[in-house]
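Take a look at the structure below.
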Amino acid sequence: MIFQARTSLLAAAAFAIAAAHAATPFVAATPSIPFYGQSVTLEVRNFDFPVYLPATRYSIQGNVIDVDYEYVTDGWSISAPDVGAATVNVGELPPGNYTVTARLHDIANPDTAPQLITSNVPVLAPAAWGIYPVPQDPD
């Protein structure tokens, strides 16, 4: 009886943690683990509000990538053509580990601090030793 009670308690706790984690916004890279020469796209997933697309911007300084998103919560803007899910193509990155911070700004409350979501994105080096240009395929 005690074993069954503990098992059901553990199962309920695991379900609650999984449900809470599933609803948490996070930054995802595509491809999930990029390698040398691949273009990297970033997006915020599991976020409840649409983003104002013209205001989405990013900056790269060393191994730190900051992406700013402005989102709307009014419910009317959802059908506007300039509002939706934003992906940001940061192009090819040199091999290394990158810290990506998404700053989510509420357009209706510009004086409030933005929500911060931080993630790590590794970029794998080429398999063979050598000297490689970055980007591999410049414009």
Side-chain angles (χ1 to χ4, degrees):
M1 183 72 174
I2 294 174
F3 178 74
Q4 287 177 342
R6 286 185 184 171
T7 305
S8 61
L9 262 164
L10 287 174
F15 179 75
I17 291 171
H21 181 67
T24 303
F26 65 95
V27 178
T30 303
S32 59
I33 301 179
F35 59 87
Y36 169 75
Q38 285 187 310
S39 184
V40 179
T41 302
L42 303 171
E43 86 178 288
V44 175
R45 293 188 182 156
N46 288 346
F47 190 59
D48 294 334
F49 302 107
V51 173
Y52 181 59
L53 300 173
T56 301
R57 60 207 175 274
Y58 73 93
S59 66
I60 302 174
Q61 293 181 354
N63 284 21
V64 176
I65 302 172
D66 293 322
V67 186
D68 287 290
Y69 298 95
E70 295 187 18
Y71 65 94
V72 293
T73 58
D74 63 6
W76 293 99
S77 300
I78 293 173
S79 61
D82 56 352
V83 176
T87 59
V88 177
N89 187 340
V90 296
E92 295 178 33
L93 298 171
N97 291 315
Y98 291 84
T99 301
V100 179
T101 302
R103 295 184 294 222
L104 304 167
H105 304 271
D106 184 357
I107 290 177
N109 298 304
D111 295 334
T112 60
Q115 297 178 40
L116 299 177
I117 302 170
T118 303
S119 182
N120 293 313
V121 176
V123 177
L124 301 179
W129 288 93
I131 298 174
Y132 297 92
V134 174
Q136 177 181 351
D137 190 18
D139 289 335

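From a predicted model like this one, the values you see are computed outputs, not experimental measurements. Residues: numbered from 1 along the sequence shown.
- The CG atom of N89 lies 12.0 Å from the CD atom of E43; values are rounded to the nearest 0.5 Å.
- Contact record, P122 with P34: O-CD, 3.3 Å, taken as the closest heavy-atom pair.
- Here the closest heavy-atom approach between residue T56 and residue Y52 is recorded as OG1-O, 3.5 Å.
- Remark: H105 NE2 to D68 CG distance equals 4.0 Å, nearest 0.5 Å.
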Could you list the donor-acceptor pairs under 3.5 angstrom formed by side chains in residues 94-102, with sequence neighbours left out?
from : atom 1 : to  : atom 2 : distance (Å)
Y98  : OH     : P94 : O      : 2.6

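- For the salt bridge (charged side-chain N to carboxylate O under 4.0 Å, His left out) test, no residue two or more places apart in sequence or in another chain qualifies with D106.
- Annotation: side chain of L93 is in contact with side chain of I65 (closest heavy-atom distance under 4.5 Å).
- The hydrophobic clustering, which links ILVMFWY residues whose side-chain heavy atoms are closer than 4.5 Å, places V88 and I60 together.
- Note that the CD atom of E70 and the CG atom of L104 stand 10.5 Å from one another [nearest 0.5 Å].
- Ring-plane geometry between F49 and Y71 is classed as parallel, the angle between the planes falling under 30 degrees on a 0 to 90 degree scale with a further cut at 60.
- I33 forms part of a hydrophobic cluster together with F35, L124, judged by ILVMFWY side-chain heavy-atom separations under 4.5 Å.
- Scanning both residues, Q115 and F47, for their nearest heavy atoms gives OE1-CE1, 4.1 Å.
- The two atoms that bring L42 and Y69 nearest to each other are O-OH, 4.1 Å, heavy atoms only.
- Here the side chain of N109 pairs no donor or acceptor atom with the backbone of D111 at under 3.5 angstrom.
- Contact between Y58 and V67 at its shortest, heavy atoms only, is CB-CG2, 4.0 Å.
- Nearest heavy atom pair, residue Y36 against residue A125, reads CB-C, 4.4 Å.
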